[in-house]
Amino acid sequence: MNWFLLILSGCIELVFTFCLGKVSKTIGFEKGLWCIGAVSAITLSLFIVTKVLKTLPIGTAYAVWTGIGAVGTVLMGILFFKEPVSFGRLFFIFTLIISIIGLKVVSS
């Protein structure tokens, strides 16, 4: 259950980064709404991850949590914010995913 919550927390962090991307591209009232979304998402993500850290090793849990955020943010940038796709970016995203899986496997 804690691994599920850790993954959920990482995914909620992606909501934060999406909102952050929208904040940089909007003005006025809409910018305020995206800011509220960003603050709410990061607050919830941090709340969940701190609960998970009571039972999972901090080094592994934090690496997985930030890895989900890093991989997800790069993919989100490519899919939603028209960031460039290159072999190098995809290769290193893949190696990061393999590393995250490896940490999960050796921490069981």
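Hydrogens, waters and symmetry mates are skipped; everything else that's a heavy atom, side chains included, is used.
Between Gly37 and Cys19, the shortest heavy-atom contact is C-SG, 3.8 Å. Across all non-hydrogen atoms, the minimal contact from Leu14 to Gly69 is CD2-O, 3.7 Å. Shown here for Ile68 and Cys11, the closest heavy-atom pair between the two residues is CG2-N, 4.0 Å. Of all the heavy atoms in Cys35 and Val23, the pair that sits closest is N-CG2, 3.6 Å. A pairwise comparison of heavy atoms in Ser24 and Gly21 identifies OG-O, 2.7 Å as the closest pair. Closest heavy-atom contact between Ala61 and Leu56: CB-CB, 4.2 Å.
A continuous path of hydrophobic side-chain contacts links Val105 to Val52 [ILVMFWY only; heavy atoms under 4.5 Å]. The hydrophobic cluster containing Leu96 also contains Ile7, counting ILVMFWY residues as joined when their side-chain heavy atoms lie under 4.5 angstrom apart, directly or transitively. Val49 and Val71 fall within a single hydrophobic cluster, where Ile, Leu, Val, Met, Phe, Trp and Tyr are joined by side-chain heavy atoms under 4.5 Å apart, directly or via other members.
With sequence neighbours excluded, the residues that form a side chain to side chain contact (heavy atoms under 4.5 Å, CB included) with Ile58 are Leu53. Remark: Phe87 pairs with Phe91 by the side chain to side chain contact (heavy atoms under 4.5 Å, CB included) rule, at least two apart or across chains. For Ile36, the side chain to side chain contact (heavy atoms under 4.5 Å, CB included) criterion is met by Ser40, not counting sequence neighbours. Applying the side chain to side chain donor-acceptor pair (under 3.5 Å) test to Thr55 and every residue at least two apart in sequence or in another chain returns Asn2. Scored by the salt bridge (Lys or Arg N to Asp or Glu O under 4.0 Å) test, Glu30 finds no partners at all (sequence neighbours excluded). For Leu44, the side chain to side chain contact (heavy atoms under 4.5 Å, CB included) test picks out Ile12, Ile48, with sequence neighbours left out. For Phe92, the ring-ring contact (aromatic ring centres under 6.0 Å, His included) test picks out no residue, with sequence neighbours left out.
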Scan the side chains in residues 76-86 for donor-acceptor partners under 3.5 Å anywhere in the protein, sequence neighbours excluded, and list what turns up.
unit_1 : atom_1 : unit_2 : atom_2 : d
Glu83  : OE1    : Arg89  : NH2    : 3.3
Ser86  : OG     : Arg89  : N      : 3.2

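A donor-acceptor contact shorter than 3.5 Å is absent between the side chain of Ser9 and the backbone of Leu5. Between the Thr60 side chain and the Pro57 main chain, no donor and acceptor come within less than 3.5 Å of each other. Thr50 contributes a side-chain N or O that, together with a main-chain N or O of Leu46, makes up a donor-acceptor pair within less than 3.5 Å.
Residue Leu8 holds its CG atom at 14.5 Å from CH2 of Trp3, rounded to the nearest 0.5 Å.
Among residues at least two apart or in separate chains, there is no salt bridge (Lys or Arg N to Asp or Glu O under 4.0 Å) pair with a member in residues 2-26. Legend: ring-ring contact (aromatic ring centres under 6.0 Å, His included) pairs involving residues 49-75, not counting sequence neighbours, sorted by first then second residue: Tyr62-Trp65. Residue pairs meeting the ring-ring contact (aromatic ring centres under 6.0 Å, His included) criterion with at least one partner in residues 33-56, sequence neighbours excluded, are Phe18-Trp34.
Under a 4.5 Å side-chain heavy-atom criterion applied to ILVMFWY residues, the cluster that includes Ile98 comprises Phe94 as well.
More than 12 heavy atoms of other residues, nucleotides or ligands shown are found within 6.0 angstrom of NZ on Lys31.
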